[in-house]
Amino acid sequence: MSLSESGKNTREKPDDDELSLLREKVRYLTQLNMNLEKDLEFYKQELNKLLEPPYIEAMVLEVLSDGRAVVKSSTGPNLVVRIASNVDIDKLRPGASVALNNKGSTIVEVLPSIHDPLVEAMEIEERPSITFKDVGGLEEQIREIYEVVGLPLIKPQLFDEIGVEPPKGVLLYGPPGTGKTLVARALAGEVKATFIRVVASQFVNKFIGEGARIVREVFRLAKEKKPSIIFIDEIDAIGSRRVDMGTSGDREVQRTMLQLLAEMDGFDPLEGVKVVAATNRIDLLDPALLRPGRFDRIIEIPLPDKKGRLEILKIHTRNMKLKDVDLEEIASMTEGFSGAELKAVATEAGFFAIRDGKNYVSQEHFIKAVDKVRNRMEKRKQIFGTHI
Ligand SMILES: Nc1ncnc2c1ncn2[C@@H]1O[C@H](COP(=O)(O)OP(=O)(O)OP(=O)(O)O)[C@@H](O)[C@H]1O
């Protein structure tokens, strides 16, 4: 552009071609600018990500009623932390793995189930909602377990005063499905204790090499969350008499068992932690486990008698709509059935009713259900030499 002497713009009006070229250029540069801004934003974000301090991983112990949570960080102490508003509270169950912000003050994310054996190996239930009224039969066993495990947890001073030392551990034994887990959970519910369940066979076939560490952590967690009951299911998997120590697998099992014994020897019986173990194969157990100060109380959980079967049937049908059902007759017909099998009878009877197009369950449905469950038991017996 040029200016005349009078200062006026004397440039001729651009022709149409020139104008359209300039417009094209403006469009191109605007687009280029937008793209570069996008790139700039992307690289800024990437830079921020690289500069951001890492999150802290932690495990949820408890969600408090005031909207905060207690977590255990993998290295440090337990922390009471806030929960960010975008976090789904329903996913914050005890044992869930979470990310804390870098100050460690707030849960910012629930992590997808990462394969931390410590988290996976234990099921933690704060004060289970079930109680002894959910257990049919087993009055004697319930009385005994309440006395030797429950009372010392809620009234340790009673034992202190009298000078009686309660057992640290109790062993429940009996056929599968007779309610060993149920009794231990109900006891925890009854005395408002934390229930921590581990399945010993998983130490051998799932968490290989981690057994001793998991045992140590389970006891540590139990002490933190006391009163607590540690329930070790299938204890025979780690507590069997070993003939030889030939394989590394054997040695690993032995290490896990020794850790368990060390933990049991190392705590006070009135410290607020009790161990309940369960097995279907008491004949296989190493006598070292049954020495005083370990599992020195042994309680048999047998198959239910007729009265027990009737009670179990009543429990599992209490929310069902029954019409002219004689549960006594069903209890008489089901000799040899475990609690789990009686529960299956109730469920199957419900399915027969649905299939029948009825909105209630009749005696006939129950009788068909007994047959069905009995057949299933027979088949299992043929295959495994045992029932459900
Ligand atoms: N005595 C019982 N009263 C009421 N329900 C029972 C009883 N026994 C078993 N059941 C039902 O069967 C289910 C399975 O029982 P449970 O897991 O407690 O048996 P278990 O003895 O621990 O079995 P396993 O040895 O196979 O681990 C229970 O959750 C419960 O629904």
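In this chain, numbering begins with 1 at the start of the sequence shown. In listed order, ligands and their atoms are each counted from 1.
Considering R93, R185, R197 as possible partners of E123, the one that fulfils the salt bridge (Lys or Arg N to Asp or Glu O under 4.0 Å) test is R197.
Set against the non-hydrogen atoms of V135, the atoms of ligand 1 under 4.0 Å away are 1 (N), 3 (N). Residue K343 has at least one heavy-atom neighbour below 4.0 Å for each of these atoms of ligand 1: 31 (O). With ligand atoms numbered from 1 in the order given, ligand 1 contributes 8 (N), 9 (C), 19 (O), 20 (P), 21 (O), 23 (O), 24 (P), 25 (O), 26 (O) to contacts under 4.0 Å with heavy atoms of G177. Proximity to G339 (heavy-atom distance under 4.0 Å) selects the following atoms of ligand 1: 7 (C), 8 (N), 9 (C), 10 (N), 11 (C), 12 (O).
In E311, neither the side chain nor the backbone holds a heavy atom less than 4.0 Å from any atom of ligand 1. Only side-chain heavy atoms of D233 come within less than 4.0 Å of ligand 1; its backbone N, CA, C and O stay farther off. Heavy atoms of L342 found under 4.0 angstrom from ligand 1: none, in either backbone or side chain. Within the 4.0 Å heavy-atom criterion, both parts of K180, backbone and side chain, lie near ligand 1. Under 4.0 Å from ligand 1, heavy atoms of T178 appear from its side chain as well as its backbone.
Considering backbone and side-chain atoms together, P176 places no N or O closer than 3.5 Å to any N or O of ligand 1. Checked against a 3.5 angstrom limit, the closest N/O atoms of L182 and ligand 1 fall inside it. For ligand 1, the polar-atom distance check finds an N/O of G179 within less than 3.5 Å of one of the ligand's N/O atoms.
Residues satisfying the ring-ring contact (aromatic ring centres under 6.0 Å, His included) test with F366, not counting sequence neighbours, are none. Qualifying ring-ring contact (aromatic ring centres under 6.0 Å, His included) partners for F295, counting only residues two or more places apart in sequence or in other chains: none.
Counted by atom type alone, S105 and N101 present one or more donor-acceptor pairs between their side chains at under 3.5 Å.
Residue contact check for ligand 1: E234 places no non-hydrogen atom closer than 4.0 Å to it. Within the structure, the closest approach of L172 to ligand 1 does not fall below 4.0 Å when heavy atoms are considered.
The 12-atom threshold is not exceeded at NZ of K103, counting heavy atoms of other residues, nucleotides or ligands nearer than 6.0 Å.
Taking 4.5 Å as the limit, every side-chain heavy atom of R376 sits out of range of all side-chain heavy atoms of E341. Under the 4.5 Å side-chain criterion, counting only non-hydrogen atoms from C-beta, Q141 is in contact with P302.
Both tests do not hold together for R143 against Y146: distance to the six-membered ring centre under 6.0 Å, angle to the ring axis within 45°. Annotation: cation-pi geometry satisfied between K323 and Y360 (NZ/CZ under 6.0 angstrom from ring centroid, within 45° of ring axis).
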